[in-house]
Amino acid sequence: MAGDVPADERILITLDDPGPEADARRGLIGLSRNAAGGAEGELPDGSAGDVGGSGGTGDAGPSEISGPSGPGDPGAQDVTEDPRHRERAIHRYGRVRVVGRPLATAAVATARGVSAGTTPVDGTVVSTLSLPGGLDRTEALGVEAFRLRAGDDYRRRKRSRPRDAAPWDMNRPCTDIAPPRGSAGPGATPLAPTVRSLLNGLGSDASGPEATGSPSGTAGTGTAGAPSAGALSSYLEGSVAVGLILVEGPTPALQLSAAERTKIVAEVQNGLSWYATQNPAAELTFSYDIQIVRLPTPANPSANDLEALWRDPTMSRLGYAANFDGVYDYVEALRARLRTRWAYCAFVTKYPLGHFAYASIGGPRMVLAADADGWGPDNIDRVFAHETGHIFGAPDEYGGAGCDCGGSWGRYGVPNGNCDSCAPAPVDCLMRANTFALCRYTPAHLGWGHGVSGNPVLLQAKGLGVRGNFDVVAPSAYAGLTHVWRDNDAAGASWRDPWQTAQALGRVDAVTMVQSTLANPGPLEVAVRVGSRLFFLWRDSTGAFQWRAPVQLAQGVGGVPSLVQSRLGGKGNFELLAPAADVGIMHMWRNHDVYGYPWSAPKLFAANLGRVDAVSLIHGTLGGGAGMLEAVALVGTRLVHLTRDQAAVWRTGGIFAEGVSGNPALIQSVFPGARNFEVVVPSAGTGLIHFFRDNNRADPVWSGPRPFAAELGHVDAVSMIQSNYDGNLEVLARVANRLYLLYRSGAAAVWSAPRRVF
């Protein structure tokens, strides 16, 4: 791996500069010509440029990708591409690409028998001899920085980096609020002292409107006030332009050697590579502009504004206004030129600073001492990554910053729950200490909505939209739940931006959801498993659509639970099944005819099955009266059908499927003339398997397996409904950290190609 980040990386060099949106569509950069003799669109080993996918079904258009489209929004990947063994461009230096994939993906692919391709070994640099005119400054520094990171000495120094994991020991926050555009123009009113003023030696307090502004926007504010540049860097997903400006002075003490310049670029590359490995679903690509500006301005440690002393003439040298407005203009021009979604800039210098590293919450710039002060050059990568966190809305978590556990930070307005000053058990986190780690809160501060784990749950809501919107919840790849919905009344039925909730629970292992009839339209009612504990939470269906805080229901559970609202009781009780942590299944129910809606104590059954991994529950129509509770349980690689009869006794049926994995999804269909049971479950190999039971027969039996969706590769988890789109079976499948939707027409009984949700 390059540096000490968990990724296989190598360099590819092209004869053109297609931009990040072309990189994203192809999934990998192809070569025009290379030293190995590969043809255009091939890699040095002769494999095709789009190595991530095979048997594709076409690109998903913007309507299939949730989230707003910004300038140069990169678009979609091949929907059948398996992200576990896919390369993508992480860094772009003009025609130079650093491409890579997380190291763990190769192990996952091997364990599941999936070919990971024949990608060249980590650290490869393709020959540049055939490039006419050679490399420009940005390209050459990108290559040299990568070569440095790939060397044994660099890796050795990372293994013994000074003050590894030590808490950041600053006695002040390393954040400020950028002055609003126009505040530095002719006739502008001088700003009151702000946090930025303190960092630059201008004032003794942080009073004034910038320091006390109320929360607003998507870039997050917390206790620091409202950012003025949220549109430039709202959340850390997609393509990001990085302007790296190395500012030098007239004396040797203020100048950088060639080796120091390469070291700085390598450290920035290493720190941002780490972000890319932490969330592959964010599809991060960093595109660079590197400027080296040497000024005649001498150092002046007593200057009223230590930053403006060198910043303003630097912006003038770059052709922009000699004030903070010039910084905004440069960053916005950079985003337009490099065709990225977001942009920010970083000044690195040996000029005296009020603080060795600081950044504007929400952008547009950070400032960094070239030696990272007492942390040393080998920690520039983590310092740069920490300050980049501020650029995209994350607050400080070290005690010296004066943080608290409240506030409303980042894209999702999440509190700062890992603050040293108040968290009961603060954990390792980049925003707290010199470590490549994230706590449960920081991913939400950064705005990471893409990337799921566990099992997804799909339903078609009643009363939300004329047609009935699709609502999906799934465990986030980091903490809490990700909630996304499809507007079925909109042209193209587009998926809306994902939202996060329940981050305080930490990593959620499994989830189940229904829309209840307890209000009009019905709330979303959710049970989640966190370790061996079961929690309940819900979201109202009117007004603010607010998620309520989770409450614990039970302990000693495992696997994937299943919740339904039955027809039992006057209002329809909740019935909840959850695999026990050891053997059998636990059954709980909530009485909606009693004030407070109390839950029953858990009752164990089906211990004869041994360990159960997942369960799917419905209230069927068979058996007379109100019908029976019907369930399908995954036991190892087998499916078992269970029924609770009119005497409230659970009975175990026979095994009707083998060679399956993940979790089963059971429904009772409403096809004309039939109320069959339908089950979809991931295969133990690739794709999905469909079973049904013909309930019109006197002796109903389960059909044989009907495999489909093999192009998805190995599927981890699944959910299924029957929608009001001509009675289609709609299936939501999780493959690694992505979700795909496919459907079976009620008339043709043919499964569609999978389409990526997000």
Side-chain angles (χ1 to χ4, degrees), residues 57-58 60-66 79-80 456-473 484-496 513-515 517 521-522 524 564-565 616 618-622 627 630 632 664-682 687-697 700 702-712 715 718-734 739-758:
T57 59
S63 64
E64 277 69 53
I65 304 298
S66 60
V79 296
T80 61
V457 183
L458 167 68
L459 61 79
Q460 185 168 23
K462 296 180 175 65
L464 298 177
V466 176
R467 186 71 188 252
N469 299 327
F470 286 174
D471 274 278
V472 172
V473 294
V484 64
W485 62 282
R486 194 178 85 173
D487 185 349
N488 287 335
D489 296 332
S494 56
W495 288 93
R496 300 306 190 186
M513 175 175 67
V514 297
Q515 184 185 22
T517 60
L524 302 182
V564 300
Q565 184 173 16
S616 183
I618 63 171
H619 190 176
T621 61
L622 305 182
E630 312 270 358
V632 169
L666 167 68
I667 67 169
Q668 186 172 18
S669 68
V670 292
F671 291 121
R675 293 304 308 272
N676 296 337
F677 294 157
E678 311 275 350
V679 171
V680 168
V681 64
L688 297 164
I689 303 176
H690 176 217
F691 301 89
F692 75 92
R693 197 183 80 164
D694 185 353
N695 288 331
N696 290 320
R697 294 181 49 165
W702 288 93
S703 69
R706 288 173 166 78
F708 66 102
E711 65 268 35
L712 284 175
V715 177
V718 70
S719 180
M720 177 173 61
I721 63 170
Q722 186 171 22
S723 74
N724 60 17
Y725 285 87
D726 299 321
N728 292 345
L729 299 184
E730 311 269 356
V731 169
L732 186 70
R734 179 177 72 83
L739 295 178
Y740 297 88
L741 185 68
L742 57 160
Y743 65 91
R744 196 194 76 169
S745 165
V750 175
W751 288 99
S752 71
R755 305 292 289 179
R756 181 180 165 193
V757 173
F758 71 96

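Excluded from the calculations below are hydrogen atoms, water molecules and symmetry mates; all remaining heavy atoms, backbone and side chain alike, are included. Everything numeric here is computed off the predicted structure, so don't read it as measured data.
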Visitor: Using modelled atom types only, decide if a donor and an acceptor are shared between the side chain of Gln722 and the backbone of Ile667 within a distance under 3.5 Å.
Guide: no
Visitor: Checking the side chain of Asn676 only, and the main-chain atoms of Ser669 only, is there a donor and an acceptor separated by less than 3.5 Å?
Guide: no
Visitor: Could you grab the distance from atom CD1 of Ile689 to atom CZ of Arg706, nearest 0.5 Å is fine?
Guide: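 The distance works out to 12.0 Å.
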Visitor: Rounded to the nearest 0.5 Å, how far does CZ of Phe470 lie from CH2 of Trp495?
Guide: 7.0 Å
Visitor: Which distance, rounded to the nearest 0.5 Å, do you find between the CG of Leu524 and the CG of Leu464?
Guide: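 So the CG of Leu524 and the CG of Leu464 are separated by 7.0 Å.
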Visitor: Check whether NZ of the Lys or CZ of the Arg Arg486 lies under 6.0 Å from the centre of the six-membered ring of Tyr725 and within 45 degrees of that ring's axis.
Guide: yes
Visitor: Tell me whether the count of non-hydrogen atoms from other residues, nucleotides or ligands lying under 6.0 Å of OH in Tyr743 goes above 12.
Guide: no
Visitor: Got a second to check how far Glu678's CD is from Leu666's CG, nearest 0.5 Å?
Guide: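 One gets 9.5 Å once the value is rounded to the nearest 0.5 Å.
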Visitor: Are Ser745 and Val750 side-chain neighbours, meaning at least one heavy-atom pair lies under 4.5 Å?
Guide: no
Visitor: For the side chain to side chain contact (heavy atoms under 4.5 Å, CB included) test, which of Asp694, Leu622, Val670 pairs with Arg675?
Guide: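 One option only clears the test, and that one is Val670.
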Visitor: When rounded to the nearest 0.5 angstrom, what distance separates CG in Asp471 from CH2 in Trp485?
Guide: 8.0 Å
Visitor: Under a 3.5 Å distance rule, please check whether Asn469 uses its side chain to pair with a backbone N or O of Ala461 as donor and acceptor.
Guide: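 Answer holds: no.
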Visitor: What distance do Leu732 atom CG and Leu459 atom CG have between them, rounded to the nearest 0.5 Å?
Guide: 11.0 Å
Visitor: Check whether any side-chain heavy atom of Leu729 lies under 4.5 Å from a side-chain heavy atom of His690, and answer yes or no.
Guide: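 A side-chain contact exists here, since the closest heavy-atom pair is under 4.5 Å.
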Visitor: With the side chain counted from C-beta on, respond yes when Val632 and Phe691 share a heavy-atom pair under 4.5 Å apart, and no when they do not.
Guide: no
Visitor: With distance as the sole test, does Asp487 use its side chain to make a donor-acceptor pair with the main-chain N or O of Ala493 at under 3.5 Å?
Guide: no
Visitor: Please answer whether the main-chain N or O of Arg467 pairs with a side-chain N or O of Asn724 as donor and acceptor at a distance below 3.5 Å.
Guide: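 Side chain of Asn724 to backbone of Arg467: a pair is present.
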Visitor: Has Gln460 got a side-chain atom pairing as donor or acceptor with Gly468's backbone, closer than 3.5 angstrom?
Guide: yes
Visitor: Under 3.5 Å, is there a donor-acceptor pair between the side chain of Gln668 and the main chain of Gly620?
Guide: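 It does not hold such a pair.
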